[in-house]
Amino acid sequence: MAILCTVLFIIGILDVSTGERGLWASGGLCVFWLFTYALTVGPITEQYSIISETSSVRLRPLSVVLARTSYQLANIVSQILQAYTINPTEWNWKGKTGFFWGGTALCVFVWSYFRLPEVKGRTYEELDILFANKVSARNFAKTDVDPYASASLEDKLEVEHKESA
């Protein structure tokens with residue numbers, strides 16, 4: 001996200017500083033942006049990966065539906081806005097559109113840095129415990145979780161009784 005955000009701001013700066021002379025450089029940066037997006041953030045968000053991994057098991061179906069609906073609505077709005085911003089007969093922002101989309105990318109980058117938990121190496125049970133204990137997203141990777149520590153004494157005795165029988 002940081003790379004994508006930076007590229008968008010550079011496109012905006014090129015338009016303001018060089019005008020028509022920076023068209024080829026801006027076009028090249030747009031292709032680089034698309035290439036980077038297609039290899040990083042694009043597949044993660046478009047193929048349900050983040051939402052299906054980070055939501056609790058109990059709320060997963062509802063989370064996926066809400067996320068996909070929000071994604072499609074945001075996609076519709078952004079496509080309409082993009083058509084207006086680059087159209088010479090409408091808003092005619094040209095490369096300055098990079099400032100607008102760079103600003104939204106910066107907001108997403110900051111949000112994801114603080115709010116998107118690291119789930120690498122975690123089981124769904126561990127994630128549910130972390131969510132239930134309201135562990136900060138920044139601390140998911142550092143927090144030790146023992147899924148069996150939360151079981152009550154009665155549950156442990158019942159397991160021991162079944163094993164001895």
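Sequential numbering from 1 along the given sequence is applied to the chain's residues.
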Hey, what do you get for [atom1] ([X]) to [atom2] ([Y]), rounding to the nearest 0.5 Å?
X    : Y    : atom1 : atom2 : answer
S70  : N75  : OG    : CG    : 12.0 Å
D144 : L130 : CG    : CG    : 10.0 Å
T97  : W91  : OG1   : CH2   : 9.5 Å
R138 : T143 : CZ    : OG1   : 11.5 Å
L34  : L29  : CG    : CG    : 12.5 Å
S78  : F100 : OG    : CZ    : 9.0 Å

- [ ] Walk me through it: do I76 and I80 pass the test side chain to side chain contact (heavy atoms under 4.5 Å, CB included)?
- [x] CA-CA 6 Å; I76 291 168; I80 291 170; 4.0 Å; yes
Going only through I, L, V, M, F, W and Y residues with side-chain contacts under 4.5 Å, is there a path from [X] to [Y]?
X    : Y    : answer
V145 : Y124 : yes
V57  : V119 : yes
V31  : V41  : no
Y84  : W93  : yes
L62  : L73  : no

Task: Face-on cation placement of R58 at F131 ring, 6.0 Å and 45° thresholds - done: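 Verdict for F131: no cation-pi partner in R58.
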- [ ] Please test D15 against K94 for salt bridge (Lys or Arg N to Asp or Glu O under 4.0 Å), starting from the C-alpha separation and ending with a verdict.
- [x] CA-CA 7 Å; D15 184 63; K94 298 179 187 167; over 6 Å; no
N/O donor-acceptor pair under 3.5 Å between [X] side chain and [Y] backbone:
X    : Y    : result
R115 : S136 : no
T123 : E126 : yes
E90  : N87  : no
T36  : F32  : yes
T85  : Q82  : yes
R60  : S55  : yes
N133 : V135 : no

TODO: For a side chain to side chain contact (heavy atoms under 4.5 Å, CB included) with W101, tell me which candidate from L81, I11, L106 qualifies.
DONE: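 Of L81, I11, L106, side chain to side chain contact (heavy atoms under 4.5 Å, CB included) with W101 is met by L81 alone.
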Task: Geometric class of the F109/Y113 ring pair [parallel <30°, tilted 30-60°, perpendicular >60°] - done: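 It falls in the tilted class, 30° to 60°.
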Task: Contacts of type ring pair (Phe, Tyr, Trp, His ring centres under 6.0 Å), residue F9, not counting sequence neighbours - done: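 With neighbours one apart ignored, the set is empty.
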Task: Flag if over 12 foreign heavy atoms under 6.0 Å of CD1, I3 - done: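 No.
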TODO: Kindly give the heavy-atom pair with the smallest separation between G102 and C5, and that separation in Å.
DONE: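 For G102 and C5, the tightest heavy-atom pair comes out as O-SG, 3.3 Å.
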